[in-house]
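We count ligands from 1, going down the list as the structure has it; atoms in each ligand are counted the same way. Any value given below was found using the heavy atoms of this structure, including those in side chains, with hydrogens, waters and symmetry copies removed.
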Amino acid sequence: MQVFDKISDLRACVNDWRQDGLRTGFVPTMGALHAGHLSLVERARSENQRVSVSIFVNPTQFNNPDDLKNYPRTLEKDLELLKPLKPDVVFVPDSAEMYPEGKENAPVVKVNLNGLDQVLEGLHRPGHFKGVMQVVARLFDIHQPDRAYFGEKDYQQLAVIRKMTSELKLPIEIIGCPTTREKDGLAMSSRNQLLTSEYRQAAVAISKALFFARDNWRNYTVTDIRNHTIRLIEKSQLLKVEYVEIASSKSLEVVSEWKEQTSLRIFAAVMAGQVRLIDNVGINTAED
Ligand code: AMP
């Protein structure tokens with residue numbers, strides 16, 4: 001496992017792989033790795049001859065400066081966790097390497113997202129997806145992978161990256177991977193490290209409420225299940241819902257009634273004190 005912090009070193013390595021005709025998989029992360037990230041690396045390892053992982057806390061996708069400042073950074077531990085999974089390369093650039101022109105002047109990716117960035121996280125974190133596309137487009141250009149792996153935990157991000165990749169006609173296969181959860185159901189997240197034990201205990205209500213909606217939607221209207229989900233989460237005085245929405249899995253358009261022909265998901269963003277948590281779960285309306 002080689003660790004590079006310079007684009008030129010990584011490019012040289014990746015060029016060799018390409019010349020040798022090797023299939024490459026890439027897993028972009030912001031570090032503070034947990035079993036969710038590792039499941040992506042494992043999948044990439046099993047499907048490709050060469051695997052690269054990046055660890056970079058991308059400043060351009062944070063709309064809240066405190067969130068960026070407090071984001072956990074655990075590089076040494078991350079490298080220890082990665083070692084047994086045998087990625088070939090880990091790329092750990094700093095901001096100057098990624099944005100030599102300054103992060104404010106980083107090129108903006110202009111593609112038609114068909115409104116994918118106008119709902120859910122896009123509404124609540126202005127500029128977030130602009131930053132995500134900036135960093136992912138740059139990382140794709142540096143790594144030139146055949147396949148790139150993203151988690152359904154950030155379902156909207158996965159949808160935006162798929163669309164960006166197809167609009168830019170990049171020859172990269174985008175692979176979505178299921179959400180890894182703690183034993184009690186909480187979606188694994190780097191931000192979980194920031195929760196006190198009290199907030200950590202309360203946070204289990206988020207996945208519990210989403211699972212309730214997934215299993216009981218038939219007995220409710222969309223409005224009622226949404227309100228009920230919010231109530232279940234906010235039963236704990238420690239949690240404050242930013243949004244709960246039910247949306248099309250494909251277009252992410254928010255729906256107000258059940259649609260049998262459309263695959264749906266329920267999405268939530270919740271503040272647990274100062275820590276913002278998101279989660280989402282598929283609702284299988286087609287089976288009924
Ligand atoms: P992050 O470091 O939060 O930017 O995440 C890097 C990648 O790991 C993204 O594609 C995430 O969607 C994915 N990821 C984060 N948490 C999980 C999880 N609990 N299960 C599966 N994938 C995850």
Closest non-hydrogen protein atom to [atom], residue and atom name please, with distance?
| atom | value |
| --- | --- |
| atom 7 (C) of ligand 1 | P28 O, 3.7 Å |
| atom 21 (C) of ligand 1 | P178 O, 3.4 Å |
| atom 23 (C) of ligand 1 | K153 CB, 4.0 Å |
| atom 20 (N) of ligand 1 | T180 N, 2.8 Å |
| atom 11 (C) of ligand 1 | D154 OD2, 3.1 Å |
| atom 10 (O) of ligand 1 | G151 N, 2.9 Å |

For ligand 1, note which part of [X] has a heavy atom under 4.0 Å away: side chain, backbone, both or neither.
| X | result |
| --- | --- |
| C177 | neither |
| S189 | neither |
| Y71 | side chain |
| M30 | both |
| L40 | side chain |

H128/F62 aromatic ring centres below 6.0 Å: no
Flag the pair [X] / [Y] as yes when at least one side-chain heavy-atom distance between them is below 4.5 Å, and no otherwise.
| X | Y | result |
| --- | --- | --- |
| V57 | R73 | yes |
| R265 | E152 | yes |
| F91 | F56 | no |

Heavy atoms of other groups near K130 NZ, more than 12 under 6.0 Å: no
Can you list the ligand 1 atoms lying under 4.0 Å from a non-hydrogen atom of F150? 10 (O)
Looking at CD of Q61 and CG of D67, how far apart are the two atoms once the value is rounded to the nearest 0.5 Å? 9.5 Å
Of the listed options (H37, H34, R43), which comes nearest to atom 16 (N) of ligand 1 when hydrogens are ignored and any heavy atom counts? H34
Parallel, tilted or perpendicular, judged at 30° and 60°: which one describes the rings of F150 and F140? perpendicular
Per the side chain to side chain donor-acceptor pair (under 3.5 Å) rule, what does the pair list look like for residues 232-241, sequence neighbours excluded? E234-K240
Heavy atoms only: give me the nearest C13-V89 pair and the separation to one decimal. SG-CG2, 3.7 Å
